[in-house]
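A short worksheet on the structure shown next.
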Amino acid sequence: MTIDFDAFDEMEFPRYRDIVYVFFYVRGEGTKPVPFYVGESSRHVGRFGDYVSAKFSAPTDFKVGEAVKYLRKRGLRVVIKFRESRDREDEEKRILQ
């Protein structure tokens, strides 16, 4: 069995555990992404799994996860942009401003 690793996405292994991130939806090719959620985490991309699970017992995870489902059902693409941070809470505040 031959595996085509060109079909895999790539992510550099994290140097730091802290990140800031922004969720965007995209209406179509060539359109500007629209931000709809900003967050920060000390769990790096592991945090994104919480939104995939969207457990009702975790209100933020549920709201963001349901928003993603809603947008996708309407044919929109949802993407996450993130970067490692030395001061994730301050960066989150600056992004929100």
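Positions are given from 1, in the same order as the sequence printed here.
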Worksheet item: Is V22 reachable from L96 through a run of hydrophobic residues whose side-chain heavy atoms are each under 4.5 Å from the next?
Response: yes
Worksheet entry | Carboxylate-amine/guanidinium proximity below 4.0 Å for D90 and K93 | no
Fill in: Linked, directly or transitively: V64 and V52 (ILVMFWY side chains, under 4.5 Å)
no
Worksheet item: Should we count CG of D4 as having more than 12 external heavy atoms under 6.0 Å?
Response: yes
Discussion item. Rounded to the nearest 0.5 Å, what separates atom CG in D18 from atom NE2 in H44?
Written reply: 9.0 Å
Discussion item. Is any side-chain heavy atom of R47 closer than 4.5 Å to one of F82?
Written reply: no
Worksheet item: Is I95 reachable from I80 through a run of hydrophobic residues whose side-chain heavy atoms are each under 4.5 Å from the next?
Response: no
Worksheet item: With S53, which residues qualify under side-chain contact (heavy atoms from CB on, under 4.5 Å), at least two apart?
Response: K55
Practice prompt. Please lay out, stage by stage, how Y16 and R88 fare under the test side-chain contact (heavy atoms from CB on, under 4.5 Å).
Written response: CA-CA 11 Å; Y16 311 105; R88 68 181 199 272; over 6 Å; no
Worksheet item: Can you name the salt bridge (charged side-chain N to carboxylate O under 4.0 Å, His left out) partners of K69, sequence neighbours left out?
Response: E66
Practice prompt. Check whether any side-chain heavy atom of Y37 lies under 4.5 Å from a side-chain heavy atom of V68, and answer yes or no.
Written response: no
Practice prompt. Could you tell me the separation between the CG atom of L71 and the CG atom of L76, rounded to the nearest 0.5 Å?
Written response: 5.5 Å
Worksheet item: Same hydrophobic cluster for V78 and Y51, using side-chain heavy-atom links shorter than 4.5 Å among ILVMFWY?
Response: yes
Practice prompt. For residues I19 and S85, determine if any side-chain heavy atom of one lies less than 4.5 Å from a side-chain heavy atom of the other.
Written response: no
Discussion item. Around atom CZ of F36, are there more than 12 heavy atoms from other residues, nucleotides or ligands closer than 6.0 Å?
Written reply: yes
Discussion item. Is the shortest side-chain heavy-atom distance between V20 and R83 below 4.5 Å?
Written reply: yes
Worksheet item: So, do Y21 and V45 sit near enough that their side-chain heavy atoms are less than 4.5 Å apart?
Response: no
Worksheet item: If you look at every heavy atom in G65 and A54, which pair is closest and at what distance?
Response: CA-CB, 3.9 Å
Discussion item. Less than 4.5 Å apart, side chain to side chain, heavy atoms only: is that true for R86 and E91?
Written reply: no
When the side chains of residues 23-32 are checked against the rest of the protein, which donor-acceptor pairs come out under 3.5 Å, sequence neighbours left out?
from : atom 1 : to  : atom 2 : distance (Å)
Y25  : OH     : R27 : NH2    : 3.4
T31  : OG1    : G28 : N      : 3.1
T31  : OG1    : G28 : O      : 2.6

